[in-house]
**Q** 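Have a look at this one.
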Amino acid sequence: MSQLAHYLRHSRQILTAWDHYSARHSHPETFQPYDEDAYGLRQQQRDADTLSAFGHVYHHADELVHVAEQQLALLAPSDRTLRYTWQVRELCEATRRLYAVHDDWRALRDTLPESARPGTKAYDEPLAESHAEAWSYLDQWTIHGQALFVVNALVERQTRAATPTAVVAPSVPTTAAAHRR
């Protein structure tokens, strides 16, 4: 969960930086970039940075979602839990699609000519396209990822409330009569 917290912080920083860049380098009414090439390169950097930030979460994202689904099943249904259920489903779908994008990239990479190495156009362009395809699914993690923390906290709170606390018998003053028995 700490890796997810790191991703959420980092991805929000990346998105904020992108929003500032986009606002400064696009027409305020049409939102068209002033320089398409520079804008596209900066967008590719955003996509790559976001994917890199997700790297530590990527390999166990499906497990995080699965645990949240199990935790949700422990909670009493309510409007609140329905929202978290929807968010966890969104994360599940985003994770499935991220894995598919990654599999597609690996299959494509395996078909590239030997001369296509990182730093060459033949390699970097399809990689950038893969990152661009993954970005919207990563953004779903940025938007809904906090729900995993909330669900976990709700289950912990419910568990603490259901756990009986030890009852300590009140102390009874001792009297001379009590000692004689």
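All figures in this text were calculated on a predicted structure; none of them were measured in a lab. Residue numbers run from 1 in the order of the sequence given.
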**Q** For Arg117, is there any backbone N or O sitting under 3.5 Å from a side-chain donor or acceptor partner on Thr120?
**A** yes
**Q** So, using side chain to side chain donor-acceptor pair (under 3.5 Å) as the criterion, who are the partners of Gln43 when residues are at least two apart?
**A** none
**Q** Got a salt bridge between Glu93 and Arg97, using NZ or NE/NH1/NH2 to carboxylate O under 4.0 Å?
**A** yes
**Q** Would you give the length of the straight line joining atom CG of Asn152 to atom CG of Leu72, rounded to the nearest 0.5 angstrom?
**A** 10.5 Å
**Q** With the side chain counted from C-beta on, respond yes when Gln45 and Asp49 share a heavy-atom pair under 4.5 Å apart, and no when they do not.
**A** yes
**Q** For the backbone of Glu63 and the side chain of His60, can you confirm whether one donor and one acceptor N or O come within less than 3.5 Å of each other?
**A** no
**Q** Among residues at least two apart in sequence or on other chains, which ones pass salt bridge (charged side-chain N to carboxylate O under 4.0 Å, His left out) with Glu125?
**A** Lys121
**Q** Flag the pair Trp86 / His144 as yes when their ring centroid distance falls below 6.0 Å, and as no otherwise.
**A** yes
**Q** Minimum heavy-atom separation for Leu112 to Pro126, with atom names?
**A** CD2-CG, 4.4 Å
**Q** Would you check if the distance from the ring center of Tyr58 to the ring center of Tyr99 is below 6.0 Å?
**A** yes
**Q** Please report the C-alpha distance between His10 and Phe54 in whole Å, then the side-chain angles of each, then the deciding distance to 0.1 Å, and finally whether the side-chain contact (heavy atoms from CB on, under 4.5 Å) criterion is met.
**A** CA-CA 9 Å; His10 197 171; Phe54 194 71; over 6 Å; no
**Q** Is a side-chain donor or acceptor of Gln158 paired with a backbone partner of Leu74 at a separation under 3.5 angstrom?
**A** yes
**Q** For the atom pair NE2 (His25) and CD (Glu36), what is the distance rounded to the nearest 0.5 Å?
**A** 13.5 Å
**Q** Flag yes if more than 12 heavy atoms outside His27 fall under 6.0 Å of its NE2 atom; otherwise flag no.
**A** yes
**Q** Assess the residue pair Thr16 and His20 against the criterion (side-chain contact (heavy atoms from CB on, under 4.5 Å)); give the C-alpha distance rounded to whole Å, side-chain angles, the decisive distance to 0.1 Å, and a yes or no.
**A** CA-CA 6 Å; Thr16 298; His20 288 303; 3.5 Å; yes
**Q** Out of curiosity, does Trp135 fall in the hydrophobic cluster containing Ile14 (side-chain heavy atoms, cut-off under 4.5 Å, transitive links)?
**A** no
**Q** According to a hydrophobic-cluster definition based on side-chain heavy atoms being under 4.5 Å apart (Ile, Leu, Val, Met, Phe, Trp, Tyr only), do Met1 and Tyr7 belong together?
**A** yes
**Q** Show, in sequence, the C-alpha distance, side-chain angles and deciding distance for Leu75 and Tyr84, and conclude whether the side-chain contact (heavy atoms from CB on, under 4.5 Å) test is met.
**A** CA-CA 11 Å; Leu75 297 172; Tyr84 298 130; over 6 Å; no
**Q** For the pair Val151 and Thr85, evaluate side-chain contact (heavy atoms from CB on, under 4.5 Å) and give the outcome as yes or no after the intermediate values.
**A** CA-CA 9 Å; Val151 168; Thr85 300; over 6 Å; no
**Q** Counting C-beta onward and ignoring hydrogens, is there a side-chain heavy-atom pair between Val101 and Ser130 closer than 4.5 Å?
**A** yes
**Q** Less than 4.5 Å apart, side chain to side chain, heavy atoms only: is that true for Leu108 and Thr111?
**A** yes
**Q** Does Arg42 make a cation-pi contact with Tyr21 (under 6.0 Å, within 45 degrees of the axis)?
**A** yes
**Q** Please find the pair of heavy atoms, one from Ala68 and one from Val88, that lie closest to each other, and give the distance.
**A** CB-CG2, 4.0 Å
**Q** Please name all residues satisfying side chain to side chain contact (heavy atoms under 4.5 Å, CB included) with Ala94, sequence neighbours left out, ordered by chain then number.
**A** Tyr137, Gln140, Trp141
**Q** Same cluster or not: are Leu8 and Val150 linked, directly or through other Ile, Leu, Val, Met, Phe, Trp or Tyr residues, by side-chain heavy atoms under 4.5 angstrom apart?
**A** yes
**Q** Please identify which of these residues, Thr95, Leu98, Val67, meets the side chain to side chain contact (heavy atoms under 4.5 Å, CB included) condition with Asp62.
**A** Thr95
**Q** Using every non-hydrogen atom in the two residues, find where Asp47 and Ala132 come nearest and quote the distance to one decimal.
**A** OD2-CA, 3.3 Å
**Q** Check whether Trp105 and Leu51 end up in the same hydrophobic cluster, where Ile, Leu, Val, Met, Phe, Trp and Tyr are linked by side-chain heavy atoms less than 4.5 Å apart.
**A** no
**Q** Mind running side chain to side chain donor-acceptor pair (under 3.5 Å) on Ser22 and Tyr39 for me, showing each step along the way?
**A** CA-CA 8 Å; Ser22 184; Tyr39 193 88; 2.8 Å; yes
**Q** Calculate, to the nearest 0.5 Å, the distance between atoms OG1 and CG belonging to Thr50 and Asp139 respectively.
**A** 8.0 Å
**Q** Could you tell me which non-hydrogen atom of Tyr34 sits nearest to which non-hydrogen atom of Pro28, and how far apart they are?
**A** OH-CD, 3.5 Å
**Q** Please check if the number of heavy atoms outside Arg80 that lie under 6.0 Å from its CZ is greater than 12.
**A** no
**Q** Tell me whether Val155 shares a hydrophobic cluster with Leu4, the cluster being built from Ile, Leu, Val, Met, Phe, Trp, Tyr side chains joined at under 4.5 Å.
**A** yes
**Q** Distance from Leu127 atom CG to Gln44 atom CD, nearest 0.5 Å?
**A** 9.0 Å
**Q** Within the 4.5 Å heavy-atom criterion, are Gln32 and Ser26 side-chain neighbours or not?
**A** no
**Q** First locate atom CD of Gln13, then atom CZ of Arg9, and finally report the distance between them rounded to the nearest 0.5 Å.
**A** 8.0 Å
**Q** Just verifying a value: how many Å separate His56 NE2 and His6 NE2, rounded to the nearest 0.5 Å?
**A** 7.5 Å
